[in-house]
Undergrad: 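What follows is a single structure, and I will ask about it in a moment.
Note that these values count all heavy atoms, side chains included, but never hydrogens, waters or copies made by symmetry. When a residue number appears, it is its place in the shown sequence, counting from 1.
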Amino acid sequence: MKALLLTFALAAPALADWPQFRGPNGSGVSADKNLPEKIDATTQQWAADLPGRSVASPIVFGGHVYVACSSGNREDRLHVLAFDAATGKKLWHRQLAATGSTACHPKSAMAAMTPVADEKGVYTLFATGDLAAFDHDGKLLWYRSLVGDYPTISNQLGLASSPALFDGKLIVPMDNAGESFIAALDTGTGKNVWKTTRPADINWVTPIVRPLTSTDAEVLQQGPKGLTAYDLATGKEKWSHKAAGGSPTPSLADGLLIVPSGGVSVFKPGDGKLEQVWTSPKYRTGYSSPLYYDGRVYAVAAGRVFSADAKTGKDVWAYTLKGKQMMYASPVAGDGKVYVLSDAGAMTVLKAGGDTEEELSVTQLKAECMGTPAISGGAVFIQTDKQLLCFKKG
């Protein structure tokens, strides 16, 4: 019981860490204050060059920023790096040789999954099926070749679902055209705690964990055929909701489940069922996940940022983004600000809430940006195709 309570506390956004894709419990929200209104040269603290390309996102844990990237003509050199969050100094750099296929869509890369970290170390999964755990000093704790264990794993467009972490279990989503499954691995050994078969299908969704009691939780995994809940302890399927298909990752916040499904649908999860609160087909977010922040749902769709009342679904305002922008990064928020980053490196900062849209700044980083920003220690971290950047006031 104590372990589960401790893990849930670590997942709360009151802490400064941003330990996985979209931060604390995949919320996309930081409790940090005094965040920058501009993401430009006036707030840039440091820049660190990277040895390869990535479409993953940075994470922050214990004052370290962790990133993954891949290099080589066939993208068969896999890299994990740690930087000091305050200075940008490279602390360590480890390399792996790919054991699986490096085939993927040109927009993707072998570094497509975002790492995840806890007090033991950092865990990095690559699109080649290579999975490695390092301690915070860069020592290899364990390694697995998932394609070595399960040779039919295949996704010609490229795997991209990031792992999640809860209660000492590394949740590994492996929806693909071959042996498709979701598994929980022991973070100390890398061995399977459980492995549950899923439909063979292409998917790029990251799982989220919903705590139920002090001793019980469920893993929620969305896929093309719907949303499924698995028991965290056993991997046994608990319930499913067939109407909630789609590709971006859902969010859990304030007792609500925000699901991108042909738009955005908001549910109130109950005991083995979902009660629909509202749905809006016009919020078709594409690759970008919707965001819940201070009673509002924010969705980036068709070149606009929509703000809707989370309880009713009523439109509050819609902001039109400058220029033609493609979004792979998901919006993140903190300190009354919503950060929206485009594929071409346009960073739009909007004031959260309010009855009308309010633009705080729009700047151009002039770099490919497909990963979602991280927020920690009052700073915003962005991983471009070539660099890791840190922005902070003062």
Undergrad: What's the shortest heavy-atom distance between Ser101 and Met110, and which atoms?
TA: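 Heavy atoms of Ser101 and Met110 come nearest at O-SD, 3.8 Å.
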Undergrad: Distance-only, no hydrogens or angles: does the Asp84 side chain make a donor-acceptor pair with backbone N or O of Ala86 under 3.5 Å?
TA: yes
Undergrad: What are the two closest non-hydrogen atoms of Pro207 and Ser162, and how far apart are they?
TA: CD-O, 3.4 Å
Undergrad: Decide yes or no on salt bridge (Lys or Arg N to Asp or Glu O under 4.0 Å) for Asp343 and Lys107, but give the supporting numbers first.
TA: CA-CA 10 Å; Asp343 173 24; Lys107 289 294 289 184; 2.8 Å; yes
Undergrad: Between Ser161 and Met174, is there a side-chain heavy-atom distance shorter than 4.5 Å?
TA: no
Undergrad: Check the hydrophobic clustering (I, L, V, M, F, W, Y; side-chain heavy atoms under 4.5 Å; chains of links allowed) and say if Phe21 and Phe381 are grouped together.
TA: no
Undergrad: In this structure, are over 12 heavy atoms from other groups packed under 6.0 Å from Tyr292 atom OH?
TA: yes
Undergrad: Among side-chain atoms of Ser145 and Thr99, is any donor-acceptor pair under 3.5 angstrom?
TA: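 Indeed, the side chains of Ser145 and Thr99 share at least one donor-acceptor pair under 3.5 Å.
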Undergrad: Between Ser180 and Ala200, which heavy-atom pair has the shortest distance, and what is it?
TA: CB-CA, 3.7 Å
Undergrad: What are the two closest heavy atoms between Gly378 and Pro36, and how far apart are they?
TA: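 Looks like O-CD, 3.9 Å.
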Undergrad: Return yes if a side-chain donor-acceptor contact under 3.5 Å exists between His64 and His136, otherwise no.
TA: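 There is no such pair (donor and acceptor under 3.5 Å, judged by atom type) between the side chains of His64 and His136.
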Undergrad: Looking just at side-chain N and O atoms, do Gln383 and Ser54 make a donor-acceptor pair shorter than 3.5 Å?
TA: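 Yes, Ser54 and Gln383 have a side-chain donor paired with an acceptor closer than 3.5 Å.
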Undergrad: Given the rule in the side-chain contact (heavy atoms from CB on, under 4.5 Å) test, do Leu185 and Lys191 qualify, once you have shown the distances and angles that lead to the verdict?
TA: CA-CA 5 Å; Leu185 278 57; Lys191 295 181 179 179; over 6 Å; no
Undergrad: Please find the pair of heavy atoms, one from Ala346 and one from Gln325, that lie closest to each other, and give the distance.
TA: CB-NE2, 3.7 Å
Undergrad: Between Thr206 and Arg22, do the side chains contain a donor N or O and an acceptor N or O under 3.5 Å apart?
TA: no
Undergrad: Do Leu257 and Pro250 come close enough that some side-chain heavy atom pair is under 4.5 Å?
TA: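 SC-SC contact between Leu257 and Pro250 confirmed.
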Undergrad: Please evaluate residues Asp201 and Lys225 with respect to the criterion salt bridge (Lys or Arg N to Asp or Glu O under 4.0 Å), reporting the C-alpha separation (whole Å), side-chain torsions for both, the decisive distance (0.1 Å), and the verdict.
TA: CA-CA 9 Å; Asp201 214 335; Lys225 294 181 173 63; 3.1 Å; yes
Undergrad: Charged N to carboxylate O below 4.0 Å: is that the case for Arg296 and Asp309?
TA: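 No, Arg296 and Asp309 are not salt-bridged.
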Undergrad: Are Leu360 and Glu358 packed together at the side-chain level, in the sense that at least one heavy-atom pair is separated by less than 4.5 angstrom?
TA: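 They are in side-chain contact.
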Undergrad: Decide yes or no for Phe306 and Ser280: does some side-chain heavy atom of the first lie under 4.5 Å from some side-chain heavy atom of the second?
TA: no
Undergrad: Between the side chains of Gln95 and Arg77, is a donor N or O closer than 3.5 angstrom to an acceptor N or O?
TA: yes
Undergrad: Would a hydrophobic clustering, with Ile, Leu, Val, Met, Phe, Trp and Tyr connected at side-chain separations under 4.5 Å, put Ile171 with Val193?
TA: yes
Undergrad: Taking it one step at a time, do Thr187 and Lys120 satisfy side-chain hydrogen bond (donor to acceptor under 3.5 Å, both in side chains)?
TA: CA-CA 8 Å; Thr187 55; Lys120 295 179 183 177; 3.0 Å; yes
Undergrad: Using a cut-off of 6.0 Å, state whether more than 12 heavy atoms not belonging to Lys393 lie near its atom NZ.
TA: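 More than 12 heavy atoms, drawn from other residues, nucleotides or ligands, come within 6.0 Å of this atom.
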Undergrad: Going by heavy atoms in the side chains, are Leu81 and Cys69 under 4.5 Å from each other?
TA: yes
Undergrad: Taking the six-membered ring for Trp, are Tyr283 and Trp278 parallel (under 30°), tilted (30 to 60°) or perpendicular (over 60°)?
TA: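 Taking Trp278 first and then Tyr283, their aromatic rings stand perpendicular (interplane angle over 60°).
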Undergrad: Are Pro260 and Pro290 side-chain neighbours, meaning at least one heavy-atom pair lies under 4.5 Å?
TA: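 Sidechains of Pro290 and Pro260: in contact.
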Undergrad: Leu350 vs Val305, test: side-chain contact (heavy atoms from CB on, under 4.5 Å). Steps then yes/no.
TA: CA-CA 9 Å; Leu350 303 173; Val305 181; 3.9 Å; yes
Undergrad: So, Asn25 versus Ser27: side-chain donor-acceptor pair below 3.5 Å or not?
TA: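 No, because no side-chain N or O of Asn25 sits under 3.5 Å from a partner of the opposite role on Ser27.
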Undergrad: Verify ring-ring contact (aromatic ring centres under 6.0 Å, His included) between Trp204 and Tyr287, making sure each step is shown before the conclusion.
TA: CA-CA 9 Å; Trp204 299 280; Tyr287 301 101; 7.2 Å; no
Undergrad: Does Tyr328 belong to the same Ile/Leu/Val/Met/Phe/Trp/Tyr cluster as Leu159, with side-chain heavy atoms less than 4.5 Å apart forming each link?
TA: no
Undergrad: Between Lys337, Lys351, Lys322, which is the residue that forms a salt bridge (charged side-chain N to carboxylate O under 4.0 Å, His left out) with Glu359?
TA: Lys322
Undergrad: If only side-chain N and O atoms count, and only distance matters, is there a donor-acceptor pair under 3.5 Å linking His79 with Ser70?
TA: no
Undergrad: Give a yes or no on whether a salt bridge exists between Asp137 and Lys139, defined as a side-chain N under 4.0 angstrom from a carboxylate O.
TA: no
Undergrad: Counting only heavy atoms from other residues, nucleotides and ligands, does the tally under 6.0 Å from NZ of Lys238 exceed 12?
TA: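 Enclosed: over 12 neighbouring heavy atoms sit under 6.0 Å from NZ of Lys238.
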Undergrad: Do Lys392 and Leu35 come close enough that some side-chain heavy atom pair is under 4.5 Å?
TA: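 Result no, sub-4.5 Å side-chain heavy-atom pair not found.
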Undergrad: Go through the steps for Leu141 and Asp135 under the test side-chain contact (heavy atoms from CB on, under 4.5 Å), then give the verdict.
TA: CA-CA 6 Å; Leu141 299 175; Asp135 71 14; 4.0 Å; yes
Undergrad: Check whether NZ of the Lys or CZ of the Arg Lys195 lies under 6.0 Å from the centre of the six-membered ring of Tyr150 and within 45 degrees of that ring's axis.
TA: yes
Undergrad: Could you check Leu389 against Phe391 for side-chain contact (heavy atoms from CB on, under 4.5 Å), going step by step and ending with a plain yes or no?
TA: CA-CA 7 Å; Leu389 307 174; Phe391 300 87; 3.5 Å; yes
Undergrad: Main chain of Gly235, side chain of Thr196: is a donor-acceptor contact present, judged purely on distance under 3.5 Å?
TA: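 Indeed, once roles are kept as given, a pair shorter than 3.5 Å links the two residues.
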Undergrad: Taking Val277 as the starting point, is it possible to reach Tyr298 by hopping between hydrophobic residues whose side chains are less than 4.5 Å apart?
TA: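 Result: no, two separate clusters.
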Undergrad: A side-chain contact here means heavy atoms from C-beta on lying under 4.5 Å apart; do Lys273 and Lys268 qualify?
TA: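 Side-chain contact under 4.5 Å: no.
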Undergrad: Hey, could you give me the OG1/NZ distance between Thr43 and Lys38, rounded to the nearest 0.5 Å?
TA: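 With rounding to 0.5 Å, OG1 (Thr43) is 9.0 Å from NZ (Lys38).
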Undergrad: Under 6.0 Å between ring centres: does that hold for Phe134 and Trp92?
TA: yes
Undergrad: Membership question, hydrophobic clusters at under 4.5 Å side-chain separation (ILVMFWY): are Leu220 and Phe267 in the same one?
TA: yes
Undergrad: Tell me, with the steps shown, if Glu218 and Tyr230 meet side-chain hydrogen bond (donor to acceptor under 3.5 Å, both in side chains).
TA: CA-CA 5 Å; Glu218 57 190 21; Tyr230 301 93; over 6 Å; no
Undergrad: Is Asp175 paired with Arg198 through a side-chain N to carboxylate O contact shorter than 4.0 Å?
TA: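 Salt bridge present between Arg198 and Asp175.
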Undergrad: Should Arg144 and Asn192 be marked as a side-chain hydrogen bond (donor to acceptor under 3.5 Å, both in side chains) after you check the CA-CA gap, both sets of side-chain angles, and the distance that decides it?
TA: CA-CA 11 Å; Arg144 283 185 66 176; Asn192 291 1; 2.6 Å; yes
Undergrad: Are any side-chain N or O atoms of Ser57 and backbone N or O atoms of Thr372, one a donor and one an acceptor, separated by less than 3.5 Å?
TA: yes
Undergrad: Which atoms form the tightest heavy-atom contact between Asn176 and Ile153, and what is the distance?
TA: OD1-CA, 3.2 Å
Undergrad: Using the side chain to side chain contact (heavy atoms under 4.5 Å, CB included) rule, pick out the option among Thr363, Val338, Val362 that qualifies with Thr348.
TA: Val362
Undergrad: Measure the spacing between CG of Leu170 and CG of Leu131 and express it to the nearest 0.5 Å.
TA: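 Result: 6.0 Å between the selected atoms.
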Undergrad: Regarding Arg53 and Glu368, does a basic nitrogen lie under 4.0 Å from an acidic carboxylate oxygen?
TA: yes
